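Here is the structure we will look at.
As the structure is a computational prediction, the values presented were derived from the model and not from experiment.
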Amino acid sequence: MFQVSRRVNVTERQWLISLVLSRSFMTLIFMTYAASLPTLTREWSMTATQAGFVQTAFSAGFAISLFTVSWFSDHIGPRRMFLWSCWLGAAAALAFAMFARSYEQALWLYGIAGLTQGGSYTPAIMLVAQQLPPERRGAGVGWVLAGMSAGYVGSISLTQGMISAFDYETAFAVCAIGTVVGALFGTVAACRPDHQVSAMSATVTSAGLIKDRRSLLLTVGYMGHCWELFGMWAWAPTFLIASLGNRFALGAIGLGIAIAIALHLSAFFASFSLGRASDRYGRRAVLISVAFVGALCSFGFGWSGELPSVWLLAFAAVYGFAALGDSSVLSTAMSEAVPAAFLGRALAVRSILGIGIGAAAPAAFGAVLDLSVPGSGWAWAFSLMGIGGLVATVCAGLLPSEELTETSQTRR
């Protein structure tokens, strides 16, 4: 399943499997809160705006950690940052599971959990960029993101199952324990790569990211991508539960599994398949197609609540595929658009801007729900997310038409 190329040797394949499994288990905490929202809004007496702020706190912490860890990875190496962050992330997830019992507690504890999670994301992309050549890099990054999507499926499924059988406290605990397993796989993955610290380049500065057309467009496109994705991730499960909860034949557990499969198993296939497609057909062509489809889904999803269950879940699957599908391609393209010595700093700038604006999306979504006329809130809130998809589409269309991998090899 984890084949990236026939030329991949066994040692490299084992390393990639460990890296992918690490990301899968570490991300079990990512969707726990979103999948628990129907229960938590009742148990903690939260408004939709407050519920969105908790998710925003996590995303804001995630953005800060992405920026910090990516920046320092250029100086002390991505391997070390990846390893430290895995264990800090597991500790923070356990703290959230044990002590989050109200809106105020969750706001801080989930924010801290997000603050530790980013360190095992961009360093993983940098490790793939170090280990794999350009013709396999898109697929490699795609597998890492596919592992994250598998974790999201597990997060929603486990959370829904544990809440139905026990309570939300048990759901939090089970998902948090999973991050400890992820840290163990991360330790294995961190053992193989040599400790590589990129040398500082006197000709490269932070301003170079803004001046370079490709890196600028990729950064702005990533901002639009994150706005759409983070808002959809936080609220799509709640929308589907609200739309299908009273008419889904398989009950609450079956609905939770169906939602997880629709939103995140589709994203799992999107990550590796579109990463591989970008290796063959080019980053720009794939980015334009996927971003445009994602925008169309955002503008239509909120109006679809009355569709039959099968059709609504199918729509959600297409939405999940398109909304995350350009993520691996954007990351691969950025790794090829800047010199290797500047990659950590480029990803840091991209992360603080992209995840930063994405962090505001769940709260903005919730505010639209609170302010809208009953019956139309979902449609307007998802449409607001669609603006990000349009921005990503335009930025992809403005990218230079030449193949990024060819240009990047010349620059290296």
Side-chain angles (χ1 to χ4, degrees), residues 31 34-35 37-38 48 55 145-146 149-150 152-153 155-157 159-160 224-271 273-274 277 286-327 358 361-362 364-366 368-369 372 374-393:
M31 293 296 159
L37 264 183
Q55 187 65 53
L145 270 66
S149 294
Y152 302 148
V153 173
S155 183
I156 294 177
S157 300
T159 299
Q160 287 288 309
H225 159 78
C226 289
W227 173 264
E228 180 178 52
L229 181 65
F230 279 47
M232 185 273 281
W233 268 352
W235 285 102
T238 303
F239 171 72
L240 290 170
I241 290 170
S243 300
L244 299 175
N246 294 326
R247 55 190 175 99
F248 196 72
L250 299 181
I253 296 178
L255 178 57
I257 295 172
I259 290 172
I261 290 173
L263 290 176
H264 297 295
L265 189 60
S266 60
F268 171 85
F269 288 108
S271 293
S273 63
L274 294 176
V286 173
L287 286 174
I288 293 172
S289 302
V290 178
F292 182 67
V293 172
L296 290 179
C297 289
S298 290
F299 285 109
F301 194 61
W303 303 97
S304 65
E306 298 301 320
L307 288 176
S309 298
V310 173
W311 287 105
L312 181 53
L313 288 170
F315 193 170
V318 175
Y319 196 6
F321 185 96
L324 186 70
D326 50 351
S327 186
F365 195 114
V368 171
L369 286 182
S372 297
S376 65
W378 291 112
W380 292 116
F382 277 110
S383 295
L384 181 63
M385 301 301 104
I387 294 173
L390 291 180
V391 170
T393 304

Within the 4.5 Å heavy-atom criterion, are Leu274 and Phe321 side-chain neighbours or not?
yes
With sequence neighbours left out, the residues meeting side chain to side chain contact (heavy atoms under 4.5 Å, CB included) with Ala379 are Trp303
Partner residues of Thr159 under the side chain to side chain contact (heavy atoms under 4.5 Å, CB included) criterion, sequence neighbours left out
Thr32, Ala35, Ser36, Ser155, Ile163, Ala171, Cys175
Could you report the tightest heavy-atom contact between Pro237 and Ile156, atom names first, then the distance?
CG-CD1, 4.4 Å
Residue among Phe382, Trp380, Phe230, Trp233 satisfying ring pair (Phe, Tyr, Trp, His ring centres under 6.0 Å) with Phe365:
Phe382
Would you name the heavy atoms of Asp326 and Ala291 that are closest together and state the gap between them?
OD2-CB, 4.0 Å
Donor-acceptor contacts, no H, no angles, side chain residues 294-302, under 3.5 Å, sequence neighbours left out:
from	atom 1	to	atom 2	distance (Å)
Ser298	OG	Glu228	OE2	2.6
Ser298	OG	Gly294	O	3.4
Ser298	OG	Tyr319	OH	2.7

Could you report the tightest heavy-atom contact between Leu369 and Ala381, atom names first, then the distance?
CD2-CB, 4.4 Å
Would you please name every residue forming a side chain to side chain contact (heavy atoms under 4.5 Å, CB included) with Ser327, sequence neighbours left out?
Tyr121, Leu145, His225, Leu324
Minimum heavy-atom distance Val293-Ala322, with the two atoms named:
CG1-CB, 3.8 Å
Ring pair (Phe, Tyr, Trp, His ring centres under 6.0 Å) involving Trp227 - partner list, sequence neighbours excluded:
none
Of all the heavy-atom pairs spanning Gly231 and Ala361, show the shortest one and how long it is.
N-CB, 3.7 Å
Value for CG (Leu37) from CD (Gln55), rounded to nearest 0.5 Å, stands at 7.5 Å
Side chains of Leu312 and Phe239: does their closest heavy-atom pair fall under 4.5 Å?
yes
Flag side-chain contact, heavy atom, 4.5 Å: Trp378 against Thr238:
yes
Would you check if Leu244 and Leu313 make a side-chain contact, meaning some heavy-atom pair closer than 4.5 Å?
yes
Any non-hydrogen side-chain atom of Leu307 less than 4.5 Å from a side-chain atom of Phe315?
yes
